[in-house]
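Order of the sequence lines sets the chain letters (A, B, ...), proteins ahead of strands, with each chain counted from 1.
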Amino acid sequence: MTLAIGDAEKRLVVEVRTHDTLIIVGETGSGKTTQLPQFLFNGGFCDGGKVIGITQPRRVAAVTVAKRVAEECGVELGQKVGYSIRFEDVTSRSTRIKYMTDGLLLREALLDPFLSRYSVIIVDEAHERTVHTDVLLGLLKDVQRARSKYNTTQNNSDKVNGNCSAISGKEGITHSPSYLKACQGAKFFPLKLIIMSASLDARGFSAYFGGARAVHIQGRQYPVDILYTYDPVRDYLNAALITILQIHLEEGPGDILVFLTGQEEIESVERLVRERIRHLPLSSQNVVTVSIYSSLPSEQQMKVFRPPPPGCRKVILATNIAETSVTIPGIKYVIDPGVVKARDYSAKTGLESLVIVPTSKAQALQRSGRAGREGPGKCFRLYPESVFFELKDSTLPEIKRCNLSSIVLQLKALGIDDIIGFDFMDKPDRDSIKKSLEQLIALGALTDEYKLSDPVGQQMSRLPLDPIHSKAIILATQYNCLEEMLITVSMLSVESIFYSPHDKLEEAKVAWKRFSCLEGDHITLINVYWASVEFIEKNKIKDGRVKAIEGNLKKWCRENFINNRSLRHAQDVHSQIRGHVQQMGLTVNSCGDDMLQFRRCLAASFFLNAALKQPDGSYRAMESGQRVQIHPSSMISGTKPDCVIYNELVQTSRPYLRYVTRIDPLWLPELAPQYYAAQT
DNA sequence: GAGCACTGC
């Protein structure tokens with residue numbers, strides 16, 4: 001069935017009433033995200049104080065959509081319509097339409113396993129198949145099944161008899177999982193599930209939900225002409241350069257969006273374009289280039305949204321960030337080289353890598369769509385059409401290519417003990433699950449029987465962090481350095497704190513020197529944090545206005561080549577985690593200048609991430625045996641200590657250790673005997 | 001002596 005959203009209100013409400021699960025396929029611009037929740041509200045789905053929840057993979061989307069719907073409803077944001085994302089809860093008791101990130105709903109499930117406030121949950125952008133979306137889908141399936149068991153409206157078939165016994169599996173596949181058992185005769189209304197996807201794979205979702213009904217909603221996209229090359233290109237950067245110039249000289253007005261794989265490519269193409277433009281006739285030099293990628297400080301990101309000077313064409317060089325996360329106005333031409341830098345994970349070696357690979361068909365479609373938002377457009381794919389047909393339909397779901405430790409820990413905390421048997425839409429590799437179980441046992445989060453341990457596992461699962469980071473936090477009190485560890489973990493869990501533009505690298509290094517510590521990068525991060533705190537405190541005395549302090553901090557960040565957005569994010573994480581540990585009753589103590597305590601604590605918690613120097617000067621990662629190098633960006637890459645712990649091991653051009661600190665090799669058997677006793 | 005895409009709790 002295909003509908004246009006404008007005249008579909010009644011039909012959609014009936015569809016939701018008559019089907020427990022509905023798949024909605026809507027192209028971009030169909031209005032499904034903003035309209036459907038309002039239809040359901042008007043259709044009575046919030047009667048009795050029930051809530052409609054809509055999940056988004058990204059924070060910005062949750063916020064902007066909520067704002068728009070509040071406006072359309074003519075209500076104040078946070079009242080009838082609100083949103084909830086990490087660090088920001090703009091909802092109230094009267095909120096009935098609630099937008100949120102899917103990760104946040106997963107956290108909510110830890111507190112309320114039946115998600116009992118929600119009458120409808122809409123999972124938006126499900127086609128993106130993020131880890132959070134995938135786990136959520138499996139969970140919602142269970143919750144829906146369990147809630148229909150304890151239904152308040154049809155209580156004759158399955159009477160809840162008032163005790164807490166698990167539901168038996170005698171009804172075969174329709175049984176509810178034992179972790180969802182209602183206590184004291186608790187009763188629920190049924191849960192309606194709506195899965196919204198932008199692409200062609202409705203069948204996959206439909207099959208996963210037992211043949212659920214699918215409805216199509218028409219989009220409002222302008223046509224985009226797709227052009228291919230005749231032959232494969234050898235050098236896509238050069239091909240992109242030529243295409244930019246060609247469009248500029250031969251096509252009508254309109255801005256150009258070029259998809260590249262990373263900062264380096266963007267910087268080099270930007271140089272080349274500027275160079276070539278200077279050699280054009282003066283009348284054709286009306287081009288400005290701007291670039292955008294995630295690690296670029298936000299003031300510079302903002303430049304892509306500025307309209308070009310009159311009569312000028314804007315060329316935007318972007319990474320994947322422009323595919324879904326940001327929408328730039330004025331784009332008429334898209335250049336798509338057909339490649340993307342993607343993270344991959346091998347469960348066998350536990351090695352993460354970051355490699356340039358071909359895009360999927362869905363991704364190519366998404367990219368070309370960026371040319372048709374305001375009018376008809378053109379997309380230049382820098383490969384032959386035959387290559388397009390050979391591309392994979394869609395990108396491999398993230399859950400099949402990432403480390404699962406934190407997901408497994410979260411599922412365990414939800415009471416889901418059989419991870420391998422959990423009903424994932426795409427099952428992660430068995431090896432991958434096994435590996436994460438082993439890691440969680442080594443960290444003491446799980447018992448030898450694979451049960452969540454008490455209190456370590458329970459405490460770890462409450463922290464929204466990587467399990468190793470959680471472990472470090474929980475151990476830190478014993479080493480008298482919880483304050484230092486809170487800062488370290490906060491700084492490690494945000495995107496790169498250090499901003500290094502290619503052309504000012506030397507200048508940046510000089511600036512970073514004043515923070516650097518020869519013992520390692522973890523302490524360097526602490527130094528950056530303290531320096532920023534000190535700067536803020538000084539400014540508070542001079543001029544107490546918040547705006548002035550923010551402005552000065554931005555300047556301080558610029559001067560020190562620190563990413564302001566990342567630093568603020570780290571401050572947010574810091575205060576959130578601090579709140580959690582205080583709730584747990586841990587003492588926030590500090591080791592002062594005695595960093596030996598701190599490094600011993602790092603060894604005791606990061607022991608899985610230890611590496612030993614080899615005679616040839618390279619390192620051997622102790623867990624995997626992998627030969628690695630310390631990343632050149634590390635402050636101690638020159639000193640080469642005998643033994644280090646690292647934050648992550650990622651293969652780019654070679655396998656590198658990032659964020660490294662020197663430890664004494666004897667600490668490992670002393671502080672992690674369960675893991676190192678036999679090996680040393 | 002080389003350089004990490006994107007997102008989330």
Which whole-number value in Å describes the distance from A/Gln410 CD to B/dC9 C1'?
-> 7 Å
d(CD, A/Gln263; P, B/dC4) in whole Å = 9 Å
Lys/Arg-Asp/Glu bridge criterion (N-O < 4.0 Å) met for A/Glu323, A/Arg370 | no
Please confirm whether any donor atom in the side chain of A/Arg658 sits under 3.5 Å from an acceptor in the base of B/dC4, or the reverse.
-> yes
Atom CG of A/Asn320 and atom C1' of B/dA5 are separated, to the nearest Å, by 6 Å
Separation of B/dA5 atom C1' from A/Glu648 atom CD, nearest Å, is 13 Å
Greater than 12 external heavy atoms within 6.0 Å of A/Arg86's CZ | yes
Would you kindly give the CZ-to-P distance between A/Arg565 and B/dT7, to the nearest whole Å?
-> 8 Å
From the candidates B/dC9, B/dA2, B/dG8, the one with an atom nearest any side-chain atom of A/Arg58 is B/dG8
For B/dG8, does OP1 or OP2 lie under 4.0 Å from any side-chain N or O of A/His569?
-> no
Among B/dC4, B/dG1, B/dA5, the one nearest A/Ser637 by side-chain distance = B/dG1
OP1 or OP2 of B/dC9 less than 4.0 angstrom from a side-chain nitrogen or oxygen of A/Thr101, does that happen here?
-> yes
Counting side-chain heavy atoms from C-beta on, which of B/dC9, B/dG1, B/dA5 comes nearest to A/Leu104?
-> B/dC9
5'-most contact on DNA chain B: A/Ser406 or A/Val340, nearest heavy atom basis?
-> A/Val340
Between CD of A/Gln56 and P of B/dG8 the distance, given in whole Å, is 11 Å
Side-chain ion pair, A/Glu265 and A/Lys341, N-O less than 4.0 Å | no
Taking only N and O in the side chain of A/Thr319, is any of them less than 4.0 Å away from OP1 or OP2 of B/dC6?
-> yes
Any A/Thr130 side-chain nitrogen or oxygen under 4.0 Å from OP1 or OP2 of B/dT7 = no
Of the listed nucleotides B/dC9, B/dA2, B/dC6, the one nearest the side chain of A/Ile85 | B/dC9
Is A/Lys640 touching bases, backbone alone, or none of the nucleic acid, heavy atoms closer than 4.0 Å?
-> nothing
OP1 or OP2 of B/dC9 under 4.0 Å from side-chain N/O of A/Arg59 = yes
Residues forming a ring pair (Phe, Tyr, Trp, His ring centres under 6.0 Å) with A/His132, sequence neighbours excluded | none
Closest listed nucleotide, where the reference is the side chain of A/Lys341 and the choices are B/dC4, B/dA2, B/dT7 | B/dC4
Charged N to carboxylate O below 4.0 Å: is that the case for A/Arg343 and A/Glu352?
-> yes
At under 4.0 Å between heavy atoms, what does A/Leu505 touch on the DNA or RNA strands: base, sugar-phosphate, or nothing?
-> base
Roughly how many Å is it from CD in A/Glu352 to C1' in B/dC6, rounded to a whole number?
-> 14 Å
For A/Leu396 and B/dC6, give me the distance from atom CG to atom C1', rounded to whole Å.
-> 16 Å
Please determine, by modelled atom types, if A/Thr289 and A/Arg274 share a side-chain donor-acceptor pair under 3.5 angstrom.
-> yes
Which part of the nucleic acid does A/Glu398 contact within heavy-atom distance under 4.0 Å: base, sugar-phosphate only, or nothing?
-> nothing
Report the residue (A/Glu264 or A/Glu495) whose heavy-atom-nearest nucleotide on DNA chain B is the more 5′ of the two.
-> A/Glu264
With respect to the phosphate group of B/dC6, does any side-chain polar atom (N or O) of A/Ser294 fall under 4.0 Å of OP1 or OP2?
-> yes
